[in-house]
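Some notes on the structure that comes next.
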Amino acid sequence: MRYKAIILDVDGTLVAHGEPSARPAVAGMVRRVQALGVKVVIATGRTYYAMNTSILGGIKPDYAVCANGAQVLDEEGNLLASEDFTPEEMYALVDYFEDYDYPLAFCFSDSYYVYVEFEKMRRFYKSVTGHEEFVRDGEDQDRHLRDMPFGAFGILPPEAVEDFAARYGHLGLQFVPYHPGYYDINRAGTTKAVGVKKLMERCGWKADELLSMGDNDNDVPLMKLVGRSWCMANGSDAAKAAASAIAPPVTEEGVAAALRQEFFPHEF
């Protein structure tokens, strides 16, 4: 078997934007590859609790690299590694977003807690993902007294990201666009590739034994790390440029087509 693991993004790759879950043809093909003994790794900007088997169409991953690499978990959801914000990093975000009333949510171990503009953030999650059950009102700003967040999500104009960097650039926080004006926020150096490297060390995988699929800029470091990568045709220009091959768009079940070509070429 050429590949020991396939590494799959969720939104825009496995799941089309606006749809509630991976389509049956996509989920079925992933399970078919998994039945060959190939490990399935989900690598997503989502948190683990927002990346469940319902959204995945019944796919049960062997590992998960969540929050853009900030957390690595096993098949039971046990935490293997985490990159948590420092208090200085967290408070810098709170101070800036409060100054301009930009919505800000932090990723904690149990849910997203919205520290600034809860109702706006709740409406966003409901309209884009159809899921709001993990979005909680955190405007009391005390959830971090139990444990620190490992990621954040902010809604702000692109020019405000530059302004934040001018004030707090020494912290090195990364604003990764989900869409223009919507950003996953992580600690410096946190990427999906870094999370996957931790799994490579744990599992003994080599880069050329890994196949990844994604669609956005946050998938680029991972595409450059692994032996072979596919970008969905709906992907960003940077992701397409980094990928080894281009798959049909997510709305045409591109993951299923690419996996069939890689693992079952005789069916073409």
Side-chain angles (χ1 to χ4, degrees), residues 6-30 33 40-59 61 64-70 107 112 124-131 134 151 153-155 158 174-186 190-193 195-196 211-226 228-262:
I6 56 173
I7 307 165
L8 307 171
D9 172 52
V10 177
D11 299 286
T13 303
L14 279 173
V15 182
H17 294 293
E19 296 188 5
S21 64
R23 295 180 181 183
V26 171
M29 183 58 70
V30 173
V33 171
V40 172
V41 180
I42 297 297
T44 177
R46 290 175 179 255
T47 56
Y48 186 76
Y49 42 80
M51 186 277 305
N52 54 39
T53 54
S54 172
I55 291 168
L56 297 180
I59 297 169
V65 175
C66 295
N68 290 314
C107 310
Y112 299 103
F124 166 77
Y125 270 93
K126 184 175 182 178
S127 65
V128 172
T129 70
H131 296 273
F134 296 112
F153 184 80
I155 303 175
Q174 303 175 130
F175 284 68
V176 181
Y178 171 75
H179 286 304
Y182 301 85
Y183 297 88
D184 291 317
I185 307 169
N186 292 103
T190 302
T191 68
K192 292 182 181 182
V196 169
L211 171 72
S212 75
M213 296 187 181
D215 75 303
N216 212 339
D217 290 9
N218 62 341
D219 296 305
V220 170
L222 180 55
M223 289 175 170
K224 292 180 177 179
L225 170 67
V226 301
R228 184 163 172 79
S229 58
W230 288 77
C231 180
M232 303 300 104
N234 52 277
S236 69
D237 290 341
K240 289 178 181 176
S244 308
I246 305 299
V250 62
T251 52
E252 297 178 18
E253 301 168 351
V255 166
L259 290 178
R260 182 176 291 109
Q261 183 171 329
E262 291 283 357

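Computation of the quantities below employed the complete heavy-atom set of this structure, encompassing side-chain atoms and omitting hydrogens, waters and symmetry-equivalent molecules. Just so we're clear, the structure is a prediction, and the values are computed from it rather than from any experiment.
Rounded to the nearest 0.5 angstrom, Trp230 CH2 and Leu8 CG are separated by 13.0 Å. Atom CD1 of Ile59 and atom CE of Met29 lie 11.5 Å apart (nearest 0.5 Å). Between Glu252 atom CD and Met232 atom CE the span is 11.5 Å, to the nearest 0.5 Å.
In terms of heavy atoms, Ile246 sits closest to Ala233 at CG2-CA, 3.9 Å. His17 and Gly12 get closest at one heavy-atom pair: NE2-CA, 3.7 Å. In terms of heavy atoms, Met51 sits closest to Ala64 at CE-CB, 3.7 Å. Taking every heavy atom of both residues into account, Cys66 and Arg46 meet most closely at CB-O, 3.2 Å. Shown here for Glu253 and Ala25, the closest heavy-atom pair between the two residues is OE1-CB, 3.4 Å. Nearest heavy atom pair, residue Leu211 against residue Ser229, reads CD1-N, 4.4 Å.
For the side-chain hydrogen bond (donor to acceptor under 3.5 Å, both in side chains) test, residues two or more places apart in sequence or in another chain that qualify with Thr13 are Asp9, Asp215. Listed by chain and number, the residues in a side-chain hydrogen bond (donor to acceptor under 3.5 Å, both in side chains) with Ser236 are Asp217 (sequence neighbours excluded). In this structure Tyr183 satisfies the ring-ring contact (aromatic ring centres under 6.0 Å, His included) test with no other residue, sequence neighbours excluded. For Asn68, the side-chain hydrogen bond (donor to acceptor under 3.5 Å, both in side chains) partners are Asp184, Asn186, Asn218, not counting sequence neighbours. Val250 pairs by the side chain to side chain contact (heavy atoms under 4.5 Å, CB included) definition with Ala16, Asn234, not counting sequence neighbours. Every residue meeting the side-chain hydrogen bond (donor to acceptor under 3.5 Å, both in side chains) condition with Thr47, not counting sequence neighbours, appears here in chain and number order: Tyr112.
When atom types are taken as modelled, the side chain of Lys192 and the backbone of Leu222 share no donor-acceptor pair closer than 3.5 angstrom.
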(message) Let's go through Arg228 and Glu262 carefully: what are the C-alpha distance in whole Å and the side-chain angles of both, what is the deciding distance for side-chain contact (heavy atoms from CB on, under 4.5 Å) to 0.1 Å, and is it a yes or a no?
(response) CA-CA 10 Å; Arg228 184 163 172 79; Glu262 291 283 357; 2.4 Å; yes
(message) Let's go through Val26 and Leu14 carefully: what are the C-alpha distance in whole Å and the side-chain angles of both, what is the deciding distance for side-chain contact (heavy atoms from CB on, under 4.5 Å) to 0.1 Å, and is it a yes or a no?
(response) CA-CA 7 Å; Val26 171; Leu14 279 173; 3.6 Å; yes
(request) Could you walk me through whether Val40 and Val33 pass the side-chain contact (heavy atoms from CB on, under 4.5 Å) test, one step at a time? (result) CA-CA 9 Å; Val40 172; Val33 171; 5.9 Å; no
(request) Could you please spell out the steps behind the side-chain contact (heavy atoms from CB on, under 4.5 Å) verdict for Val226 and Met213? (result) CA-CA 10 Å; Val226 301; Met213 296 187 181; over 6 Å; no
